[in-house]
Amino acid sequence: MDLVAEGNRLRATGASVVSLAIGQPSDPAPQVVRDAAARALQDGRIGYTDALGMRALRESIAQHYSDHYGVAVPTERIAITTGSSAGFNLAFLAMFDPGDRVAITAPGYPAYRNILRALGLEVVEIPLGSDPHLTADHLRAVHRGQPLNGLLFASPANPTGAVTPPDAMASLLTAAAELGVAVISDEIYHGLCYTGGDATALQFDPNVTVINSFSKYYCMTGWRIGWMVLPDYLVRPVERIAQSLYISAPELSQIAALAALSAQAFLEPIKQRYAANRAFLLERLPQLGFSMAAPPDGAFYAYCDVTRHTNDSMAFARAMLAEAHVAATPGLDFDLAEGHRTMRFSYAGSMDDMVEATTRIERWLQHRAG
Ligand SMILES: Cc1ncc(COP(=O)(O)O)c(C=O)c1O
């Protein structure tokens, strides 16, 4: 965030900054989504909805599980939330007690760690090392040391873009069930896998809590709208906590989200642009000395090992921004122990951005070397 702010300061002075640091789509929500919201505004009253969300939206999400994954999910088990961020808070509050031990991966999305700590839960970071994703072996080894209460993992993951293959996910979930570890699966980057289809944790275990969002594939970050699929026993607790925390997700965003679920014709071309950007960076970044630290199979991130250039990715990112006017995210945000060796490049922008950023980086590296 400091680098984003610094990039904005530079822009305000008239500099042209190319940002590969952003963790959000560069496109607006599809036109049909904005039209649905505009109609709702014209119609007038926007009010509270049920704490679990509008029935029509919950039904459409249940239908989405059947259409997209072939999994039957009753509407009653779906809760609409103010983005997946609210979903984490609700899940942690409903599933765990203060002092419980919840495992996440390192590297991983930093808010997991921050929210868990803020709620008095013990964060157990499982270092992935050179493994692209979490495995049943990782889980068993950590649990053997000191038992865990919970596990949160994401596929596709942020910052690596790594996708957990279905068989590995099945083994992980079987191990978690055997060990009595409650699982949360963050599926916010579903829809954005470039090497195969999406696998939801629900295909392997109906008792997993799934968290998803309209932010990424649907290009709706600012609408703050997401959902959870809950095991039966968590529906009522989540409903009650949501009632007290924020009453309901914004009705306007729920109406818009309903339109988003049938906006594939607008969203697939955006995904195809990400795919082209990804192919370009997969070739170009290694040429510049940034090797892939994990296979970037999903989301819109390439997570790179930058040790050919530096052992201090934060200072390197600051210098790259100040001197080449290209922003990327230092790995320390995602991995406190090893992130000084890595950087995350987002390819959610345009192909022109990818070309311009890599051209500038190349020139800058030559200049530094010379
Ligand atoms: C892995 C992951 N989960 C959750 C979120 C939060 O998304 P939102 O609250 O917009 O749904 C993000 C945002 O970058 C993310 O990368």
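Every number for a ligand or one of its atoms is a count from 1 in the order of the listing. Just the heavy atoms: all of them, side chains too, but no hydrogens, waters or symmetry mates, feed the values below.
Contact check on Arg55 versus Glu76 returns a salt bridge, with a Lys/Arg side-chain nitrogen under 4.0 Å from an Asp/Glu carboxylate oxygen.
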Check ligand 1 against the protein and report each N/O to N/O distance under 3.5 Å, formatted as atom name, atom name, distance.
unit_1   : atom_1 : unit_2 : atom_2 : d
ligand 1 : 3 (N)  : Asp186 : OD2    : 2.7
ligand 1 : 7 (O)  : Ser84  : OG     : 3.2
ligand 1 : 9 (O)  : Ser84  : N      : 3.4
ligand 1 : 9 (O)  : Ser85  : N      : 3.0
ligand 1 : 9 (O)  : Ser85  : OG     : 2.5
ligand 1 : 9 (O)  : Arg224 : NH2    : 2.8
ligand 1 : 10 (O) : Ser215 : OG     : 2.6
ligand 1 : 10 (O) : Arg224 : NH1    : 2.8
ligand 1 : 11 (O) : Ser84  : N      : 2.7
ligand 1 : 11 (O) : Ser84  : OG     : 2.8
ligand 1 : 11 (O) : Ser213 : OG     : 2.7
ligand 1 : 11 (O) : Ser215 : OG     : 3.3
ligand 1 : 14 (O) : Lys216 : NZ     : 2.7
ligand 1 : 16 (O) : Asn158 : ND2    : 2.7
ligand 1 : 16 (O) : Tyr189 : OH     : 2.8

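Checked against side chain to side chain contact (heavy atoms under 4.5 Å, CB included), Ala111 has the following partners two or more places apart in sequence or in another chain: Tyr109, Ile115.
Note: Phe153 and His138 fail the aromatic proximity criterion, with ring centroids not under 6.0 Å apart.
A donor-acceptor pair is defined here as one N or O able to donate and one able to accept, closer than 3.5 Å; no such pair exists between the side chain of Arg113 and the backbone of Val123.
Side-chain contact, Arg360 with Ser16: a donor N or O sits under 3.5 Å from an acceptor N or O.
Taken from CG in Leu261 to NE2 in His64, the straight-line distance is 7.0 Å, to the nearest 0.5 Å.
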